[in-house]
Amino acid sequence: MEVRTRFAPSPTGSMHVGNARTAIFNWLFARHHNGKFILRIEDTDLERSTRENEEKLIEDLKWLKIDWDEEPVRQSDRTKIYEEYALRLVKEKKAFFCFCTDEVLSSKREKMMAEKKAPHYDGSCSRLSDQEIEENLKKGVPYSIRFKVDQKDIIFQDLIKGEVNIKAGMFGDFVLIRSNKMPVYNFSVVVDDALMKITHVIRAEEHLSNTARQIILYQALGFPVPFFAHTALILADDGSKLSKRHGATSVEEYRKKGYLSDGLFNYLSILGWTPPEEGKDKLSRKELIQFFDTDRVAKSPAKFDLSKLNWLNGEYIKEIPFEELRPVLLSLMGQNYDLFFYNQDEIEKILLLGARSLSYLSQIIKEVELFFISPENISKPLSLDEWKQEPHTALVKRFYEEVSKAETLNEEFFGTLLKNLGKELGAKGKNLFMPIRLFATGQEHGPDLNTVLTLLGKNKILKIIEQCLSF
RNA sequence: GCUCCCAUCGUCUAGCUCGGUCAGGACAUCGGGUUUUCAUCCCGGUAACAGGGGUUCAAAUCCCCUUGGGAGUACCA
């Protein structure tokens, strides 16, 4: 049997990393089993779905290098098919027309909630006589089609969760086709998955309870039931659902920040899935395909760990030849700073210094900030107080004197100056370099000190020192 | 409310099927080495079985309860 999986996003916004992971798992699973991966656009929510979002979604997928094997299917193009199957269920008395209006429905729901009962549809329209139905239809009363639920427990084997047992009474007679002729999610997935011969449904856990509904639909329609695999959700670092207030949540945002396709792909793959080889988290797509399966997917939710993504993405950045990185980095710098303060040679050096160890490309902006902001905007370094004491300040002051006297400042000059000052004051190693670095650049981390100082130039150095001494 | 799912270092997790491990790895963090500083790199350390009951010679592992987190209960997906 050929394995067929699908990714079925609804184009209601930009692609969330959770969705991206679902796509990755499905794609990996299909590729691992030499099967097919299919894309289906679930745009039955007319209010929120847009073509623009759909295009963005496809763009994100392409960026992640996730390819699909057949022409993508759009659910809004298939309303006839859903209606046909729904009508078939009506004919078989497994579903019925419902003429209840929104107002009636919501007042009933409120009443049930007030009585602390589950707000399920009361089934009133299922008891309508043939004649009443006929009359309503003739009068053109809008109707939806509801499924007549046979209340019974549903047990199924989930590839990730194991045996799942859903008790009867979880839902009432639910809607299959809305009064606007659009199918409801739980119905269209079943019809489509069955018609598209999907063998493995890999999706997020929020659909776990829905699965019971879907299984009874498969049975009512006479379709074979596919395998299900429900992945736990991706959470923010505080344990709540990953949302906008936690920072970047969409693939697009990560892409724009300069995360690499391979880096994000790799990270998302190992978020909730463990590669078989201990200690090896960095895996190529080929290896990912080779190893991925549902048996090592975790049951419990995973927190999105930005520091691990940063590490992993940094590993991928290291592999890229600098020549490829250069134009991207340069344009990032150009977008944020006035580059003409420096000549070509200096820009090249700054670029090289800033690009030493990036976790994501736009980090270059922060890395080279020192060279472009004015000294008075430098903020107080965290460890300043620790160093703002003798004998370190004496060293800084001597350095200040020498620099202000100097005519030409270059790397050689700073090299000998530091050496001499070290001898003079008996400072070496960290005790020599740190005070200078801290007071003259305002940072405790940074590239090679002599180069930084040379690039900064006399004026800036003196001003930064004055500034730091005043903190 | 009801139903379902989940629970091992700060984080992602291995181990659980088939009880016996100094509870392993990666990221982060801390310390050491290299770099006269920073980053890189190398070496090393700290750090976890949610709680309570059972079963057993022996429980992270099997059973029950509690607690905590999440999802569903829609003419959203």
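These values consider heavy atoms only, across backbone and side chains, with no hydrogens, waters or symmetry-generated copies. Letters A, B, ... are given to chains in the order of the sequence lines, protein chains preceding strands, and every chain is numbered from 1.
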J.: May I ask you to say what A/Gly429 touches in the nucleic acid, namely base, sugar-phosphate or nothing, with a heavy-atom cut-off under 4.0 Å?
T.: base

J.: B/C27 base to A/Ser307 side chain: any donor-acceptor pair below 3.5 Å?
T.: no

J.: Can you tell me the distance, in whole Å, between the CZ atom of A/Arg213 and the C1' atom of B/C75?
T.: 12 Å

J.: Does this structure show an ion pair linking A/Glu54 with A/Arg74, if we count only N-O contacts that are shorter than 4.0 Å?
T.: yes

J.: With the side chain of A/Val184 defined as its heavy atoms from C-beta on, choose the nearest nucleotide among B/A77, B/C5, B/A26.
T.: B/A77

J.: Measure CD1/A/Ile155 against P/B/C5 and give the value in whole Å, please.
T.: 11 Å

J.: Pick the P atom in B/C62 and in B/A7, then give their distance to the nearest Å.
T.: 11 Å

J.: Counting distance alone, no hydrogens or angles: does the base of B/G24 have a donor or acceptor under 3.5 Å from a partner atom on the side chain of A/Glu278?
T.: yes

J.: Expressed in whole Å, how much space separates the P atoms belonging to B/A23 and B/A50?
T.: 15 Å

J.: So, the side chain of A/Gln363 versus the backbone of A/Ser359: is there a donor-acceptor pair under 3.5 Å, distance only?
T.: yes

J.: Could you tell me how far B/U11 sits from B/A28 if I compare only their C1' atoms? Round to whole Å.
T.: 7 Å

J.: Check this one for me: any side-chain N or O of A/Lys303 less than 4.0 Å away from OP1 or OP2 of B/U11?
T.: yes

J.: Looking at B/U21, which nucleotide sits across from it as a Watson-Crick or G-U wobble partner, both distances under 3.5 angstrom, or is there none?
T.: none

J.: Given B/C4, B/G10, B/A77, identify the nucleotide with an atom nearest to the side chain of A/Leu208.
T.: B/C4

J.: Do you know which two heavy atoms are closest between A/Pro9 and A/Leu39, and how far apart they sit?
T.: CD-CD1, 4.0 Å

J.: Once hydrogens and angles are ignored, does a donor-acceptor distance under 3.5 Å link the base of B/A77 to the side chain of A/Asn210?
T.: yes

J.: Which atom pair, heavy atoms only, marks the closest approach of A/Asp448 to A/Arg437?
T.: C-NH2, 4.4 Å

J.: Within the modelled atom types, does a donor on one side and an acceptor on the other bring the side chain of A/Arg356 and the base of B/U40 under 3.5 Å apart?
T.: no

J.: Hey, is the side chain of A/Lys430 poking within less than 4.0 Å of OP1 or OP2 on B/C38, counting only N and O atoms?
T.: yes

J.: Does B/C4 have its OP1 or OP2 closer than 4.0 Å to a side-chain nitrogen or oxygen of A/Lys167?
T.: yes

J.: Of all the choices, B/C38, B/A7, B/A77, which nucleotide is nearest to the side chain of A/Ser300 once you look at every atom?
T.: B/A7

J.: Give me the distance, rounded to whole Å, that separates B/U67 from B/G44 when you measure between the P atoms they each carry.
T.: 45 Å

J.: Rounded to whole Å, how long is the line connecting atom NZ of A/Lys349 with atom P of B/C38?
T.: 22 Å

J.: Does the cation-pi check pass for A/Arg213 over A/Phe174, that is, NZ or CZ under 6.0 Å from the six-membered ring centre and within 45° of its axis?
T.: yes

J.: Of the listed nucleotides (B/C12, B/A71, B/C6), which one gets closest to any side-chain atom of A/Lys299?
T.: B/C6

J.: Picking from B/C5, B/C76, B/C41, which would you name as closest to the side chain of A/Arg48?
T.: B/C76

J.: Using the ring of each side chain (for Trp, its six-membered ring), is A/Tyr254 parallel, tilted or perpendicular to A/Phe304, with breaks at 30° and 60°?
T.: tilted

J.: Between A/Lys80 and A/Glu83, does at least one N-O distance fall below 4.0 Å, as a salt bridge requires?
T.: no

J.: Any side-chain N or O of A/Thr274 under 4.0 Å from OP1/OP2 of B/A14?
T.: yes

J.: What's A/Leu105 touching, base or sugar-phosphate or nothing? Going by heavy atoms closer than 4.0 Å.
T.: base

J.: B/A74, OP1 or OP2 - any side-chain N/O from A/Arg109 closer than 4.0 Å?
T.: no

J.: Report yes if at least one side-chain N or O of A/Ser209 is closer than 4.0 Å to OP1 or OP2 of B/C5; otherwise report no.
T.: no

J.: By nearest atom, which of the nucleotides B/A74, B/C76, B/A39 is closest to the A/His445 side chain?
T.: B/A39

J.: With a 4.0 Å heavy-atom cut-off, tell me which residues in residues 447-456 of chain A come close to RNA chain B, sorted by residue number.
T.: A/Pro447, A/Asp448, A/Leu449

J.: Give a yes or no on whether a salt bridge exists between A/Glu319 and A/Lys282, defined as a side-chain N under 4.0 angstrom from a carboxylate O.
T.: yes

J.: Salt bridge check, A/Asp281 against A/Lys308: does any charged N sit closer than 4.0 Å to a carboxylate O?
T.: yes

J.: Looking only at atom C1', what distance separates B/A48 and B/G15, rounded to whole Å?
T.: 13 Å

J.: When rounded to the nearest Å, what value does the distance between P atoms of B/A14 and B/U61 take?
T.: 16 Å

J.: Choose from B/C12, B/A14, B/A77 the nucleotide whose nearest atom is closest to any side-chain atom of A/Arg296.
T.: B/A14

J.: Report yes if a side-chain nitrogen or oxygen of A/Lys308 is closer than 4.0 Å to either non-bridging phosphate oxygen (OP1 or OP2) of B/U11; otherwise report no.
T.: no

